[in-house]
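One structure is given below, encoded as structure tokens.
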Amino acid sequence: WNNKRKDGAVVYDDILTGEYIVDKAAVRAIASCAKLKHAKIALVCRSGYRSELLQQALVEAGMECGNVYNIDGGIMNYYQDGSLPSTVQSPGVTFDPTVPGACDHLQYDHVKGMVNASIAVPHLPIGVTFSQGLIDLKEAISELEGLRRLKDAGIKRLKLFQSDTDILDSIKQVYSEEVSRGEVIVQMQNVDGLEDTWRSRTDIQKRQLEKFVPYKDILKYMAIGNEPILTAMHWAEYNDEELPPLRDDEYSKPLRLVQEALNQLGMNDTKAVICFSAQMFINTYPPSATIVDPQYETAIRGVIDHYKDSKAPFFVNIYPIFALVGNPEQIPAHFATCDSSSGKPPLYVDGLEYDCLFDSMYDGMVIALRKLGWDGEVKVSETGWASAGHEQANLHNAKTYMNELIRRTQMSIGTPAFPGKPIEFFMFQAFDEGGKTGSDMERNFGIWTQRGGFKYTTPFHAEIGHSRVENILAREGNVTGTSDTDVEESVATQSFRCIHVILMVATMAIMWW
């Protein structure tokens, strides 16, 4: 996908000369990808000619000739008299495979198998946070319609910020038979007797967890806290107090009690977790120097020990937008948004190339946790970019950031320190939250507006399909001025095979323990 062009073309016409141009940046990106070095790559266009030019460019850029194939004849010859031909002639100059260094063309008996295999693309590890608690109800899309919008977009991993089971009933209603084990987070606040609840497993079972037993097949994680360290920091700042020291079992004890309660309720496969913020990490540049702040280290070690026993992953929230807003002179905007089309050179850090702040932050967090003995998975429970409320919070930056993360996951790029594996993450947020307090930026993290209109295109919007897009735009109104052309800019879509739900219980509970 070429971000410099609306159609995303990598090979395109030069309007002045009429000749085809192969985008050099795209070629470099593909040729430099370590995971693709030994992959078999098939290229295709309408006639087979432009894909042949790309084939030549990739080989010239250093890819192995035997690993890069041009689908001979292109798509226009895919069907011939209603049948699939065994071979076709390319209208362009065809390489002779007998010549040393020449590249092969695929015949259509090979192509058919490849196409059939590509239909069953495994789901990407990407979800969306969904909550209507802070939406301005006068402008809000309904809960059921919001879930339908997510389903239509192919999104089946959900992180919720609602503690009632009504939302879980709605999920089952909308997704019906597609619901399978997944990841849901529900947040509960200001619950009476919360402190006692955490002190007694019986109370936890009866007062907090029993109601979720009927939904255990869709609950993979239950988060009992969201950014507790950041919340405590804000609380101390608001009250002009020093941040109290954390007890060694500040987080591990409630995690253990909840997990034991889940196990007793027959929800052994649902894992108790906490979603931590970036504030627990310091010395974040270079990534290799990142550590967990010593004042939190013992408490985090306790979490790590518990996760090793429970087989749960470690969840972190990553927001490069806040780093950019807080440090505009030190952090380039193209680096914060991971803009691969900026033309700017990458940063060389720790002997690695970084062109994305998210990658740098993620690598630093993983490295810091490994210093404390964690060798398990690190998943991102929230990341996103606001589209209003600050000069850096705009539609262009939001679209660039979210689409870059999705693209990198689609290609299983990973990060410089941990290449070749897609990072599991939840996009924050599905819809804008007009009823949220705080800055205007905080109210504008939605991928969709409160009414369900498109703010910018992503692969998830493309999943809806053009006819569905037209229906939505006609019914809800195109409140952001997004055109059908914008919708068609979206990159190749992916199919998600199961719904994932994470359950979040009160942040304050683990603070009060």
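Worth knowing before you read on, the calculation uses all heavy atoms, side chains too, and leaves out hydrogens, waters and symmetry mates. Note that the numbering runs from 1 along the sequence shown for the chain.
Remark: Ser252 pairs with Asp249 by the side-chain contact (heavy atoms from CB on, under 4.5 Å) rule, at least two apart or across chains. With sequence neighbours excluded, the residues that form a salt bridge (Lys or Arg N to Asp or Glu O under 4.0 Å) with Arg443 are Asp440. By the ring pair (Phe, Tyr, Trp, His ring centres under 6.0 Å) test, Phe428 is found to be paired with Phe445, residues two or more places apart in sequence or in another chain being considered.
Counting all heavy atoms, side chain and backbone alike, Ser412 lies closest to Pro422 at OG-CD, 3.7 Å. Nearest heavy-atom pair across Met267 and Leu219 is CE-CD1, 4.0 Å. Nearest heavy atom pair, residue Cys356 against residue Phe335, reads N-CE1, 3.3 Å. The two atoms that bring Ala323 and Ile331 nearest to each other are O-CD1, 3.4 Å, heavy atoms only. Contact between Leu369 and Ile304 at its shortest, heavy atoms only, is O-CD1, 4.0 Å. Among all heavy-atom pairs drawn from Asn317 and Glu382, the shortest one is OD1-N, 3.2 Å.
Checking Asp169 against Gln173 by side-chain atom types alone, no donor-acceptor pair falls below 3.5 Å. There is no side-chain donor-acceptor pair under 3.5 Å between Gln259 and Ser310. No side-chain N or O of Glu433 forms a donor-acceptor pair with one of Ser131 less than 3.5 Å apart. In this model, no donor atom of one side chain and acceptor atom of the other lie less than 3.5 Å apart for Asp432 and Thr449. Using modelled atom types, one finds no donor on one side chain facing an acceptor on the other under 3.5 Å when comparing Tyr285 with Ser360.
The aromatic rings of Tyr362 and Phe358 lie parallel to each other, their planes meeting at an angle below 30°, with 60° marking the opposite boundary.
For the atom pair CG of Leu352 and CG of Leu347, the computed distance is 12.0 Å after rounding to the nearest 0.5 Å. Rounded to the nearest 0.5 angstrom, His396 NE2 and Asp339 CG are separated by 5.5 Å. Taking CZ of Phe314 as the reference point, atom CH2 of Trp374 lies at 8.0 Å (rounded to 0.5 Å). Between the OG1 atom of Thr270 and the CG atom of Asp217 there is a distance of 8.5 Å, given to the nearest 0.5 Å. The SG atom of Cys275 lies 4.0 Å from the NZ atom of Lys159; values are rounded to the nearest 0.5 Å. With rounding to the nearest 0.5 Å, the separation of NZ in Lys455 from CE in Met402 is 11.0 Å.
Within the 4.5 Å cutoff, the side chain of Leu147 has heavy atoms near those of the Ile167 side chain. Side-chain contact between Tyr221 and Lys271: present, with at least one pair of heavy atoms (C-beta onward) separated by less than 4.5 Å. Between Arg157 and Pro125 the shortest side-chain heavy-atom distance falls below 4.5 Å. The shortest distance between side-chain heavy atoms of Phe212 and Leu265 does not fall below 4.5 Å. Inter-residue side-chain proximity for Ile155 and Phe130 is flagged as unmet; no heavy-atom pair is nearer than 4.5 Å. A heavy-atom distance below 4.5 Å is not found between the side chains of Thr290 and Met361. Using a 4.5 Å heavy-atom threshold, the side chains of Cys338 and Arg408 count as touching. No side-chain heavy atom of Tyr401 sits less than 4.5 Å from a side-chain heavy atom of Ile321.
Of the possible polar contacts, none joining the Asp363 side chain to the Pro287 backbone as a donor-acceptor pair under 3.5 Å is found. Gln450 places a side-chain N or O within donor-acceptor distance of the main-chain N or O of Gly434, the cut-off being under 3.5 Å. With Trp385 contributing its side chain and Gln392 its backbone, the two residues share a donor-acceptor pair below 3.5 Å. Without hydrogens or angle criteria, Asn283 side chain to Ile291 main chain gives no donor-acceptor distance under 3.5 Å. Panel note: side chain Asn327, backbone Gln330; no donor-acceptor pair is recorded below 3.5 Å. Counting only distance, with no hydrogens or angles, the side chain of Asn394 and the backbone of Asn397 share a donor-acceptor pair below 3.5 Å. A donor-acceptor pair under 3.5 Å is absent between the side-chain atoms of Asp355 and the main chain of Pro346, judged by distance alone. Between the side chain of Ser142 and the backbone N or O of Glu145, at least one donor-acceptor pair lies under 3.5 Å.
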Step by step, work out the side-chain contact (heavy atoms from CB on, under 4.5 Å) result for Lys172 and Tyr215.
CA-CA 9 Å; Lys172 284 197 169 186; Tyr215 310 95; 4.1 Å; yes
List the steps, then state whether ring-ring contact (aromatic ring centres under 6.0 Å, His included) holds for Phe281 with Phe276.
CA-CA 10 Å; Phe281 301 97; Phe276 288 98; 8.6 Å; no
Would Asp269 and Lys216 count as a side-chain contact (heavy atoms from CB on, under 4.5 Å) here? Give the steps.
CA-CA 8 Å; Asp269 293 330; Lys216 65 180 182 179; over 6 Å; no
What do the steps show when you test Ile274 against Tyr307 for side-chain contact (heavy atoms from CB on, under 4.5 Å), and what is the final call?
CA-CA 10 Å; Ile274 297 175; Tyr307 285 167; 4.2 Å; yes
Begin with the C-alpha distance, continue with both residues' side-chain angles, and end with the deciding distance and a verdict on side-chain contact (heavy atoms from CB on, under 4.5 Å) for Met365 and Ile318.
CA-CA 10 Å; Met365 293 177 181; Ile318 299 180; 3.8 Å; yes
